[in-house]
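Whatever order the structure lists them in is the order used to number ligands and atoms, beginning at 1.
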Amino acid sequence: MPLIPKSHPRAKSLLIREKLVDGFDNGLVAKEGLLAQGRGEAFDYLLGEKTGKAAKKAIKAAAAQIIQAQNPVISVNGNIAALCPKQIVKLANQTKAKIEVNLFYANENRKKAIVKILKKNGAKEILGTNPKSSTKLVGIDSERRIVDKNGIFAADVVIVPLEDGDRTMALRNARKTVITFDLNPLSRTSQTANITIVDNVTRAIDLLIVECKKLSKSNPKRLEKIISDFNNKNNLSENVVQIKNNLTRRARIA
Ligand code: PTJ
C-alpha cells in the first residue's frame with residue numbers, strides 16, 4: 001500500500017514533496033533544499049497550483065530566448081536534479097543547450113550524485129565538474145561564483161531554475177540573459193531575471209519543452225518580436241494580481 005494514496009486530495013503536491021525527500025536520501029538535495037521546496041509550495045498554493053496566463057506568456061518568451069541563443073546553458077542544482085532530471089536532459093538536447101552543475105551549498109559528493117542522475121537520464125556532457133576549466137564570476141561571494149569557462153562563463157543565455165538570489169545580478173552584470181523558474185514573484189531572483197516563469201518547475205518545464213519545439217522553426221524576426229513584447233516587471237505584477245484575486249475569492253467563500 002503506497003504511503004500517499006492517489007485519492008488523497010493533495011496527492012500531486014505530496015508526490016512532488018516525495019521526490020525532494022528521495023533526492024535528499026539519495027544525496028542529491030541539500031537540507032536547505034527541503035526548506036526551499038516548502039517556500040515554493042506556499043506560493044504555489046496562493047497561485048492556485050496551476051500554470052496561469054502570466055506564466056504561459058513567460059514560458060513562450062523563455063522558449064524564444066533559448067531558441068535564438070548562440071550558447072544557452074542550463075544551470076542545475078540539487079532541487080532541480082531531484083525534481084526533473086529527465087526534462088532537463090530533454091530540454092538540453094532539444095535546444096542544444098549545455099548542462100552545468102552549479103551548487104549554492106557546494107559539496108563534491110552531492111555534485112557526483114547529480115552528475116550520475118543526469119547521466120542516467122541520458123546526459124552526455126555535464127560541465128561544472130572539471131577544476132581545470134573552472135573560473136570565477138565577479139560580483140558574487142557564494143560558491144556559485146565557480147563556473148565553467150566553456151559553460152556559464154561563456155553563455156549568452158543562462159537558465160537558472162530555483163535560484164537563491166545572489167547570482168542573478170552577477171550574471172546580468174556579466175551581460176547574460178537570465179531565465180528563471182521561481183514560484184515566488186517577490187524574490188530577488190524573480191525581480192532581477194530577464195524572464196521569470198512564476199510556476200512550479202515540475203509543471204512549467206514540460207510546457208517549456210513543448211514551446212521550444214513549437215518555436216524551433218520560427219524565423220529570427222518572430223523570435224525577436226516575442227522577446228521584445230515580453231516585460232518581466234509587468235509579468236510579475238500579473239502574478240501578484242493572480243495571488244490577490246485568489247485570496248479575494250477565498251476570503252469571500254471562507
Ligand atoms: O542545491 P543547491 O546547493 O544549489 O541549493 C539549492 C537551493 C534551492 C537550496 C538554493 O538555491 C536556495 O537556497 O534557494 P532559495 O533561496 O530557497 O530559493 C529558491 C526559490 O525557488 C524560492 O523563491 C522558492 O519559492 C522557489 N521554489 C521552490 N520550489 C520550487 C520553486 N520554484 C519553482 N518550482 C518549485 N518546485
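- The shortest contact between atom 18 (O) of ligand 1 and any protein heavy atom is with E163 O, 3.0 Å.
- When each atom of ligand 1 is checked for a heavy atom of A36 under 4.0 Å away, the hits are 8 (C), 17 (O), 24 (C), 28 (C), 29 (N).
- Protein heavy atom nearest atom 5 (O) of ligand 1, with residue, atom name and distance: Y105 CD1, 3.8 Å.
- Of the candidates K233, K53, K57, K56, K57 is the only one forming a salt bridge (charged side-chain N to carboxylate O under 4.0 Å, His left out) with E238.
- With ligand atoms numbered from 1 in the order given, ligand 1 contributes 29 (N), 36 (N) to contacts under 4.0 Å with heavy atoms of Q37.
- The nearest heavy-atom contact from the protein to atom 7 (C) of ligand 1 is N79 OD1, 4.3 Å.
- With contacts defined as side-chain heavy-atom distances shorter than 4.5 Å, the pair N232/N194 does not qualify.
- At least one side-chain heavy atom of E49 sits less than 4.5 Å from a side-chain heavy atom of S13.
- The N/O atoms of S187, backbone and side chain alike, include none that comes under 3.5 Å of an N/O atom in ligand 1.
- Some N or O of L183 is nearer than 3.5 Å to an N or O of ligand 1, by distance alone.
- N219 and R222 share no side-chain donor-acceptor pair at under 3.5 Å.
- Contact annotation: for T202 versus ligand 1, there are no heavy atoms closer than 4.0 Å.
- Close approach of ligand 1 to L83 (heavy-atom distance below 4.0 Å) involves ligand atoms 36 (N).
- Remark: side-chain polar atoms of Q37 are not paired, donor with acceptor, to backbone N or O of R17 under 3.5 angstrom.
- Taking 4.0 Å as the cut-off, L35 does not count as a neighbour of ligand 1 on heavy-atom distance.
- Looking from atom 4 (O) of ligand 1 to the surrounding protein, the closest heavy atom is F104 N, 2.8 Å.
- Atoms of ligand 1 found under 4.0 Å from any heavy atom of R144 (numbered from 1 in listed order, with element): 4 (O), 11 (O).
- In terms of protein heavy atoms, atom 15 (P) of ligand 1 is closest to R39 NH2, 3.7 Å.
- Of all atoms in ligand 1, listed by their number and element, those nearer than 4.0 Å to a heavy atom of D199 are 33 (C), 34 (N).
- For the pairing with I66, the side chain to side chain contact (heavy atoms under 4.5 Å, CB included) check across L223, I179, I74, L215 returns one residue only, I179.
- Annotation: side chain of R167 is in contact with side chain of E163 (closest heavy-atom distance under 4.5 Å).
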TODO: Apply side-chain hydrogen bond (donor to acceptor under 3.5 Å, both in side chains) to the pair T180 and D182, showing each step before the final yes or no.
DONE: CA-CA 6 Å; T180 191; D182 194 333; 5.3 Å; no
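- To the nearest 0.5 angstrom, L118 atom CG is 4.5 Å from I126 atom CD1.
- For atom 3 (O) of ligand 1, the nearest protein heavy atom (residue, atom name, distance) is R110 NH2, 2.6 Å.
- Side-chain polar atoms of R39 and N184 form no donor-acceptor pair below 3.5 angstrom.
- Nearest approach of V160 to S75, heavy atoms of both residues: CG1-CB, 4.0 Å.
- Residue contact check: G78 has heavy atoms under 4.0 Å from atoms 1 (O) of ligand 1.
- Given atom 12 (C) of ligand 1, the protein heavy atom at minimum distance is D164 CB, 3.6 Å.
- Within the structure, ligand 1 has D182 among the residues with a heavy atom less than 4.0 angstrom away.
- In summary, the atoms of ligand 1 found under 4.0 Å from a heavy atom of G33, numbered by their order in the structure, are 9 (C).
- Looking from atom 34 (N) of ligand 1 to the surrounding protein, the closest heavy atom is V201 N, 3.0 Å.
- Those atoms of ligand 1 with a heavy atom of L103 less than 4.0 angstrom away are 1 (O), 3 (O), 4 (O).
- Looking only at atom types and distance, the side chain of N71 has no donor-acceptor partner in the side chain of D156 under 3.5 Å away.
- With contacts defined as side-chain heavy-atom distances shorter than 4.5 Å, the pair K176/V157 does not qualify.
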